[in-house]
S.K.: 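Dropping the structure in here first, questions after.
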Amino acid sequence: MAAVAQCVRGALRPRYPLLSFSLRTSPRLLCVATQQKNTGQNLEEDQSQSQNEQKGEPSSPEKMLTEEKAKLEEQLKEVTDKYKRALADAENVRQRSQKLVEEAKLYGIQSFCKDLLEVADILEKATESVPKEEIKDENPHLKSLYEGLVMTEVQIQKVFKKHGLLRLNPVGAKFDPYEHEALFHAPMEGKEPGTIALVSKIGYKLHGRTLRPALVGVVKDA
(Lines give C-alpha, C1' and ligand atoms only; values in the text may rest on other atoms or scores of the structure.)
Protein backbone atom coordinates (compact mmCIF):
# COMPACT_ATOMS: atom_id res chain seq x y z
CA MET A 1 0.00 0.00 0.00
CA ALA A 2 2.88 2.37 0.77
CA ALA A 3 4.33 1.73 -2.66
CA VAL A 4 0.98 2.49 -4.34
CA ALA A 5 0.61 5.74 -2.42
CA GLN A 6 4.13 6.73 -3.32
CA CYS A 7 3.45 6.09 -7.04
CA VAL A 8 0.29 8.13 -6.95
CA ARG A 9 2.03 11.01 -5.15
CA GLY A 10 4.85 10.91 -7.71
CA ALA A 11 2.40 11.11 -10.60
CA LEU A 12 0.35 13.93 -9.09
CA ARG A 13 3.18 16.04 -7.59
CA PRO A 14 4.07 18.11 -10.71
CA ARG A 15 0.47 19.19 -11.46
CA TYR A 16 -1.43 18.93 -8.19
CA PRO A 17 0.92 19.71 -5.27
CA LEU A 18 -1.95 20.15 -2.82
CA LEU A 19 -3.50 16.80 -3.77
CA SER A 20 -0.07 15.20 -3.49
CA PHE A 21 0.33 16.69 -0.07
CA SER A 22 -3.05 15.45 1.10
CA LEU A 23 -2.28 11.98 -0.19
CA ARG A 24 1.06 12.06 1.63
CA THR A 25 -0.55 13.13 4.85
CA SER A 26 -3.62 10.77 4.55
CA PRO A 27 -2.75 7.55 2.69
CA ARG A 28 -5.82 5.85 4.08
CA LEU A 29 -8.05 8.39 2.32
CA LEU A 30 -6.98 7.03 -1.06
CA CYS A 31 -7.84 3.48 -0.05
CA VAL A 32 -11.28 4.52 1.20
CA ALA A 33 -11.99 6.46 -2.00
CA THR A 34 -10.87 3.51 -4.10
CA GLN A 35 -13.12 1.14 -2.17
CA GLN A 36 -16.10 3.53 -2.49
CA LYS A 37 -15.51 3.83 -6.24
CA ASN A 38 -15.37 0.05 -6.61
CA THR A 39 -18.51 -0.30 -4.48
CA GLY A 40 -20.33 2.25 -6.68
CA GLN A 41 -19.32 0.42 -9.83
CA ASN A 42 -20.57 -2.87 -8.38
CA LEU A 43 -23.90 -1.25 -7.46
CA GLU A 44 -24.26 0.13 -10.98
CA GLU A 45 -23.50 -3.30 -12.47
CA ASP A 46 -26.04 -4.94 -10.15
CA GLN A 47 -28.71 -2.37 -11.09
CA SER A 48 -27.92 -2.79 -14.79
CA GLN A 49 -28.16 -6.59 -14.49
CA SER A 50 -31.45 -6.27 -12.62
CA GLN A 51 -32.88 -3.99 -15.32
CA ASN A 52 -31.80 -6.42 -18.04
CA GLU A 53 -33.46 -9.28 -16.19
CA GLN A 54 -36.63 -7.22 -15.85
CA LYS A 55 -36.59 -6.47 -19.58
CA GLY A 56 -35.93 -10.09 -20.54
CA GLU A 57 -38.63 -11.68 -18.35
CA PRO A 58 -42.09 -10.03 -18.29
CA SER A 59 -43.73 -9.45 -14.98
CA SER A 60 -46.73 -11.47 -13.81
CA PRO A 61 -49.43 -8.90 -14.90
CA GLU A 62 -47.85 -8.58 -18.36
CA LYS A 63 -47.80 -12.37 -18.69
CA MET A 64 -51.47 -12.59 -17.72
CA LEU A 65 -52.40 -9.90 -20.25
CA THR A 66 -50.47 -11.72 -22.99
CA GLU A 67 -52.27 -14.98 -22.25
CA GLU A 68 -55.64 -13.21 -22.16
CA LYS A 69 -54.90 -11.56 -25.51
CA ALA A 70 -54.06 -14.95 -27.07
CA LYS A 71 -57.33 -16.41 -25.75
CA LEU A 72 -59.37 -13.49 -27.11
CA GLU A 73 -57.70 -13.77 -30.51
CA GLU A 74 -58.52 -17.49 -30.63
CA GLN A 75 -62.13 -16.81 -29.69
CA LEU A 76 -62.37 -14.10 -32.35
CA LYS A 77 -61.06 -16.52 -34.95
CA GLU A 78 -63.65 -19.15 -33.97
CA VAL A 79 -66.50 -16.63 -34.04
CA THR A 80 -65.36 -15.36 -37.45
CA ASP A 81 -65.28 -18.90 -38.86
CA LYS A 82 -68.77 -19.62 -37.50
CA TYR A 83 -70.04 -16.36 -38.98
CA LYS A 84 -68.62 -17.20 -42.40
CA ARG A 85 -70.13 -20.69 -42.31
CA ALA A 86 -73.49 -19.25 -41.31
CA LEU A 87 -73.34 -16.81 -44.23
CA ALA A 88 -72.49 -19.64 -46.63
CA ASP A 89 -75.38 -21.76 -45.33
CA ALA A 90 -77.78 -18.85 -45.62
CA GLU A 91 -76.65 -18.22 -49.20
CA ASN A 92 -77.15 -21.89 -50.09
CA VAL A 93 -80.64 -21.83 -48.61
CA ARG A 94 -81.45 -18.66 -50.54
CA GLN A 95 -80.26 -20.15 -53.81
CA ARG A 96 -82.20 -23.37 -53.26
CA SER A 97 -85.32 -21.41 -52.38
CA GLN A 98 -84.93 -19.24 -55.45
CA LYS A 99 -84.51 -22.34 -57.61
CA LEU A 100 -87.64 -23.91 -56.12
CA VAL A 101 -89.61 -20.72 -56.78
CA GLU A 102 -88.42 -20.60 -60.39
CA GLU A 103 -89.27 -24.28 -60.91
CA ALA A 104 -92.70 -23.69 -59.38
CA LYS A 105 -93.28 -20.88 -61.89
CA LEU A 106 -92.15 -23.05 -64.80
CA TYR A 107 -93.77 -26.34 -63.85
CA GLY A 108 -96.72 -25.14 -61.79
CA ILE A 109 -98.95 -25.58 -64.85
CA GLN A 110 -97.74 -29.15 -65.39
CA SER A 111 -100.94 -30.74 -64.15
CA PHE A 112 -103.09 -28.36 -66.19
CA CYS A 113 -101.05 -29.05 -69.32
CA LYS A 114 -101.50 -32.81 -68.93
CA ASP A 115 -105.26 -32.32 -68.95
CA LEU A 116 -105.06 -30.16 -72.08
CA LEU A 117 -103.01 -32.80 -73.87
CA GLU A 118 -106.05 -35.05 -73.95
CA VAL A 119 -107.99 -32.29 -75.71
CA ALA A 120 -105.16 -31.86 -78.22
CA ASP A 121 -105.15 -35.61 -78.87
CA ILE A 122 -108.89 -35.58 -79.57
CA LEU A 123 -108.53 -32.70 -82.01
CA GLU A 124 -105.69 -34.47 -83.79
CA LYS A 125 -107.70 -37.69 -84.10
CA ALA A 126 -110.72 -35.74 -85.36
CA THR A 127 -108.79 -34.03 -88.15
CA GLU A 128 -107.09 -37.28 -89.14
CA SER A 129 -110.39 -39.15 -89.33
CA VAL A 130 -111.91 -36.83 -91.91
CA PRO A 131 -111.47 -38.28 -95.44
CA LYS A 132 -109.46 -35.82 -97.49
CA GLU A 133 -111.39 -36.64 -100.66
CA GLU A 134 -114.64 -35.54 -98.99
CA ILE A 135 -113.38 -32.06 -98.24
CA LYS A 136 -114.84 -30.33 -101.29
CA ASP A 137 -116.93 -27.32 -102.06
CA GLU A 138 -119.82 -29.69 -102.65
CA ASN A 139 -119.69 -30.49 -98.91
CA PRO A 140 -119.52 -26.99 -97.40
CA HIS A 141 -120.55 -28.11 -93.93
CA LEU A 142 -117.92 -30.82 -93.70
CA LYS A 143 -115.31 -28.52 -95.16
CA SER A 144 -116.12 -25.74 -92.67
CA LEU A 145 -116.07 -28.21 -89.78
CA TYR A 146 -112.72 -29.61 -90.87
CA GLU A 147 -111.19 -26.16 -91.30
CA GLY A 148 -112.47 -25.16 -87.87
CA LEU A 149 -110.86 -28.24 -86.29
CA VAL A 150 -107.58 -27.54 -88.03
CA MET A 151 -107.60 -23.91 -86.91
CA THR A 152 -108.38 -24.96 -83.33
CA GLU A 153 -105.54 -27.48 -83.35
CA VAL A 154 -103.11 -24.90 -84.73
CA GLN A 155 -104.17 -22.37 -82.10
CA ILE A 156 -103.83 -24.77 -79.20
CA GLN A 157 -100.33 -25.70 -80.35
CA LYS A 158 -99.45 -21.99 -80.39
CA VAL A 159 -100.68 -21.68 -76.80
CA PHE A 160 -98.64 -24.75 -75.83
CA LYS A 161 -95.52 -23.31 -77.42
CA LYS A 162 -96.05 -19.96 -75.68
CA HIS A 163 -95.96 -21.70 -72.30
CA GLY A 164 -93.00 -23.93 -73.12
CA LEU A 165 -94.92 -27.08 -74.08
CA LEU A 166 -93.54 -28.70 -77.23
CA ARG A 167 -94.54 -31.76 -79.27
CA LEU A 168 -92.41 -34.88 -79.58
CA ASN A 169 -92.92 -36.63 -82.92
CA PRO A 170 -89.67 -38.62 -83.18
CA VAL A 171 -90.18 -40.66 -86.34
CA GLY A 172 -86.75 -41.76 -87.64
CA ALA A 173 -84.92 -40.56 -84.51
CA LYS A 174 -82.87 -42.71 -82.15
CA PHE A 175 -84.79 -44.27 -79.30
CA ASP A 176 -84.33 -42.31 -76.06
CA PRO A 177 -85.79 -43.91 -72.90
CA TYR A 178 -86.08 -40.46 -71.28
CA GLU A 179 -88.36 -39.18 -74.05
CA HIS A 180 -89.90 -42.29 -75.61
CA GLU A 181 -91.80 -45.34 -74.44
CA ALA A 182 -91.43 -48.43 -76.62
CA LEU A 183 -94.67 -50.29 -77.31
CA PHE A 184 -93.02 -52.95 -79.46
CA HIS A 185 -89.80 -53.91 -81.26
CA ALA A 186 -89.95 -55.25 -84.79
CA PRO A 187 -87.49 -55.78 -87.67
CA MET A 188 -88.04 -53.55 -90.69
CA GLU A 189 -86.19 -53.52 -93.97
CA GLY A 190 -84.35 -50.33 -94.80
CA LYS A 191 -84.56 -49.10 -91.21
CA GLU A 192 -81.61 -48.81 -88.87
CA PRO A 193 -81.96 -50.87 -85.69
CA GLY A 194 -82.64 -48.73 -82.62
CA THR A 195 -84.53 -46.05 -84.54
CA ILE A 196 -88.22 -45.21 -84.22
CA ALA A 197 -90.38 -46.46 -87.06
CA LEU A 198 -93.85 -45.65 -85.76
CA VAL A 199 -95.36 -43.10 -83.36
CA SER A 200 -98.58 -44.31 -81.81
CA LYS A 201 -99.08 -41.28 -79.56
CA ILE A 202 -97.38 -37.88 -79.67
CA GLY A 203 -95.24 -36.94 -76.66
CA TYR A 204 -94.69 -33.55 -75.07
CA LYS A 205 -91.94 -31.73 -73.15
CA LEU A 206 -92.49 -28.83 -70.74
CA HIS A 207 -89.48 -26.46 -70.58
CA GLY A 208 -87.14 -29.28 -71.57
CA ARG A 209 -88.63 -31.79 -69.10
CA THR A 210 -90.53 -34.74 -70.51
CA LEU A 211 -94.18 -34.26 -69.57
CA ARG A 212 -95.47 -37.24 -71.52
CA PRO A 213 -93.24 -39.71 -73.38
CA ALA A 214 -94.09 -40.54 -76.96
CA LEU A 215 -95.48 -44.06 -77.49
CA VAL A 216 -93.38 -45.55 -80.29
CA GLY A 217 -92.43 -48.70 -82.16
CA VAL A 218 -88.68 -49.38 -82.37
CA VAL A 219 -86.77 -51.16 -85.13
CA LYS A 220 -84.75 -54.19 -84.03
CA ASP A 221 -82.23 -56.46 -85.75
CA ALA A 222 -83.70 -59.03 -88.09
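Since the model is a prediction, treat every value here as computed from it, not as a measurement.
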S.K.: Less than 4.5 Å apart, any side-chain heavy atom of L166 and any of K161?
M.R.: yes
S.K.: Between Q95 and E91, is any side-chain donor less than 3.5 angstrom from a side-chain acceptor?
M.R.: yes
S.K.: Quick one: are K82 and R85 in side-chain contact, heavy atoms under 4.5 Å?
M.R.: yes
S.K.: Regarding D121 and R212, does a basic nitrogen lie under 4.0 Å from an acidic carboxylate oxygen?
M.R.: yes
S.K.: For atom CD of E189, is the number of surrounding heavy atoms from other residues, nucleotides or ligands below 6.0 Å larger than 12?
M.R.: no
S.K.: With a 4.0 Å cut-off on N to O distance, would you call E192 and K174 a salt bridge?
M.R.: yes
S.K.: Counting C-beta onward and ignoring hydrogens, is there a side-chain heavy-atom pair between K220 and P187 closer than 4.5 Å?
M.R.: yes
S.K.: Determine yes or no for a side-chain-to-main-chain donor-acceptor pair under 3.5 angstrom, with N92 supplying the side chain and A88 the backbone.
M.R.: yes
S.K.: Could you state whether L116 and L106 fall into the same hydrophobic cluster, counting links through intermediate Ile, Leu, Val, Met, Phe, Trp or Tyr residues with side-chain heavy atoms under 4.5 angstrom apart?
M.R.: yes
S.K.: Kindly give the heavy-atom pair with the smallest separation between H163 and L206, and that separation in Å.
M.R.: O-CD1, 3.6 Å
S.K.: Report the relative orientation of the aromatic rings in F175 and H180; use parallel for angles under 30°, tilted for 30 to 60°, perpendicular for over 60°.
M.R.: tilted
S.K.: For the hydrophobic clusters of this structure (ILVMFWY residues joined by side-chain heavy atoms under 4.5 Å, transitively), does one cluster hold both I202 and V218?
M.R.: yes
S.K.: Could you check whether atom NZ of K132 has more than 12 heavy atoms from other residues, nucleotides or ligands sitting under 6.0 Å from it?
M.R.: yes
S.K.: Can you check whether L100 reaches E103 side chain to side chain, under 4.5 Å on heavy atoms?
M.R.: yes
S.K.: Got R209 and Q110 here, is their nearest side-chain heavy-atom distance under 4.5 Å?
M.R.: yes
